[in-house]
Amino acid sequence: MRVDIWTDINCPFCYIGKARFEQALESFPHASDVEIVHRSFELDPTAAPGSSAPVVPMLAAKYGISEAQAAANERGLGAQAEELGLVYQTSSRDAGNSFDMHRLLHWALELGRQEALLNGLYAANFAEAEPAFGSHDRLVAIAESAGLDGAAARAVLDDPPAYADAVRADEETANRIGIGGVPFFVFDGKYAVSGAQPPAVFTDALDKAWGDRPEPLTVIGGDEAACGPDGCELPQRD
């Protein structure tokens, strides 16, 4: 079974929702048979490449609230994160263009390190004081901390077309199926969960998607006298 998760590193609910989903997955009896693929979604695709700005003033301007209200909202998110054992910087977080991060995540997917890199990007954005956006040097360091080759990561970052089509394909799919916000979880293409829901909601989705999987065929007899990709079974001579 596969779970596709649309996220953005800017998104605090993606950070929180990932932890809640993982709580559900830990108790799921078929967890080892679940493939997880993280898909790209930019909360602000119009942000200038390499841009970075403090999140509290940005939120205040975006939603028409005071900076004090925006700061209070950040503290509320920090409290939710703390309940999950997550570190959340409530006063020094930045927001920025995440396109290069998504390109790196597609590169890491090919190498089997996407989960580790995503964890590193979330930690850099939400748990650490140094901004995660706006610097290739910072992204290379994050990639290295996730067990990836720094020189290879820099080569991807220095080549703007690299994995750009993969990011755009994810975003086009999100638009096609009507994803308007993240996190958004799709279970085996049949069920979807929108938002950082409680673990019980994810458990229900996992159970339903697993229950809808087709039963494997029961094969009677062997596979002799058959043809396959490697050729045909040769008749045995006496």
Side-chain angles (χ1 to χ4, degrees), residues 5 7-20 22 38 40-63 67-109 111 113-160 162-164 167 182-183 196:
I5 310 173
T7 59
D8 188 33
I9 292 81
N10 282 295
C11 169
F13 291 109
C14 295
Y15 181 50
I16 291 169
K18 183 176 186 294
R20 290 176 176 168
E22 287 171 349
H38 297 281
S40 303
F41 190 101
E42 294 174 273
L43 288 176
D44 185 7
T46 66
S51 66
S52 177
V55 74
V56 168
M58 182 274 292
L59 291 173
K62 181 175 182 178
Y63 295 107
E67 289 194 16
Q69 289 173 307
N73 289 342
E74 280 290 285
R75 290 193 295 273
L77 288 166
Q80 291 186 48
E82 186 178 1
E83 290 177 358
L84 295 162
L86 300 174
V87 178
Y88 192 105
Q89 296 281 345
T90 60
S91 60
S92 60
R93 189 165 69 85
D94 275 17
N97 184 289
S98 59
F99 192 73
D100 281 343
M101 293 177 169
H102 288 297
R103 292 198 300 118
L104 279 181
L105 284 166
H106 275 282
W107 166 66
L109 176 62
L111 301 174
R113 300 293 299 170
Q114 189 186 47
E115 190 79 17
L117 180 58
L118 182 61
N119 287 338
L121 291 168
Y122 277 146
N125 186 34
F126 294 103
E128 300 170 9
E130 183 181 355
F133 298 91
S135 166
H136 281 187
D137 288 344
R138 177 74 164 126
L139 292 180
V140 168
I142 295 168
E144 288 177 334
S145 72
L148 292 156
D149 180 78
R154 190 177 297 279
V156 172
L157 292 168
D158 289 344
D159 180 17
Y163 300 95
V167 176
V182 287

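Values below: all heavy atoms of this structure, side chains included; hydrogens, waters and symmetry mates excluded. Owing to the predicted nature of the structure, the values given are computational and were not obtained by experimental measurement.
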- prompt: Does Arg103 use its side chain to pair, donor to acceptor, with the backbone of Ala162 at less than 3.5 Å?
  reply: yes
query: Are Tyr163 and Val156 close enough, and set up right, to give a side-chain contact (heavy atoms from CB on, under 4.5 Å), and what steps lead you there?
result: CA-CA 8 Å; Tyr163 300 95; Val156 172; 4.0 Å; yes
field: Pairwise distance CZ(Phe126) to SG(Cys14) - rounded to 0.5 angstrom
entry: 7.5 Å
- prompt: side-chain contact (heavy atoms from CB on, under 4.5 Å) between His102 and Leu105: does it pass, once the steps are laid out?
  reply: CA-CA 5 Å; His102 288 297; Leu105 284 166; 4.2 Å; yes
statement: Taking every heavy atom of Pro54 against every heavy atom of Asp94, the minimum-distance pair comes out as CA-OD1, 3.5 Å
- request: Applying side-chain contact (heavy atoms from CB on, under 4.5 Å), run through Asp137 and Arg154 and close with a yes or a no.
  value: CA-CA 8 Å; Asp137 288 344; Arg154 190 177 297 279; 3.0 Å; yes
task: Grab the two heavy atoms, one from Phe133 and one from Asn97, that are nearest each other, plus how far apart they are.
output: CD2-O, 3.4 Å
- prompt: What are the two closest non-hydrogen atoms of Ser52 and Pro131, and how far apart are they?
  reply: OG-CB, 4.3 Å
- request: Please check if any side-chain donor atom of Tyr63 sits under 3.5 Å from a side-chain acceptor atom of Gln69, or the reverse.
  value: no
field: Any His136 side-chain heavy atom under 4.5 Å of Asp158 side chain
entry: yes
Which residues share a side-chain hydrogen bond (donor to acceptor under 3.5 Å, both in side chains) with Glu130, sequence neighbours left out: none
- prompt: Are the charged groups of Glu128 and Arg138 less than 4.0 angstrom apart, N to O?
  reply: yes
message: Do Pro183 and Lys18 make a side-chain contact, defined as non-hydrogen atoms from C-beta onward lying under 4.5 Å apart?
response: no
query: Parallel, tilted or perpendicular: which describes the rings of Tyr15 and Tyr122, with under 30° parallel and over 60° perpendicular?
result: tilted
- request: Mind listing the closest non-hydrogen atom pair of Leu59 and Glu74 along with its distance?
  value: CD1-OE2, 3.9 Å
- prompt: Any donor-acceptor pair under 3.5 Å linking the side chain of Ser98 with the backbone of Met101?
  reply: no
- prompt: Would you find a donor on one side and an acceptor on the other, under 3.5 Å apart, between the side chain of Asp149 and the backbone of Ala152?
  reply: yes
query: To the nearest 0.5 Å, what is the distance between CD1 (Ile142) and CD1 (Ile9)?
result: 9.5 Å
query: What distance do Asp8 atom CG and Phe13 atom CZ have between them, rounded to the nearest 0.5 Å?
result: 14.0 Å
- request: Find the distance between CG (Asn119) and CZ (Arg113) and round it off to the nearest 0.5 Å.
  value: 10.0 Å
- request: Give the minimum heavy-atom separation between Met58 and Ala95, together with the two atoms involved.
  value: CE-CB, 3.7 Å
message: Working to the nearest 0.5 angstrom, can you tell me the gap between Tyr88 OH and Asn125 CG?
response: 8.0 Å
message: Looking at Asp44 and Lys62, is there a salt bridge between them, counting it only when a charged N and a carboxylate O are closer than 4.0 Å?
response: no
field: Gln89 (side chain) donor-acceptor with Ala127 (main chain) under 3.5 angstrom
entry: yes
task: Examine the side chains of Glu115 and His38 and answer whether a donor and an acceptor come within less than 3.5 Å of each other.
output: yes
query: Any side-chain heavy-atom pair from Val167 and Phe99 closer than 4.5 angstrom?
result: yes
statement: Here the gap from Asn73 atom CG to Thr90 atom OG1, rounded to the nearest 0.5 Å, amounts to 12.0 Å
task: State, to 0.1 Å, how close Asn10 and Arg93 come at their nearest heavy-atom pair, and which atoms those are.
output: O-NH1, 3.5 Å
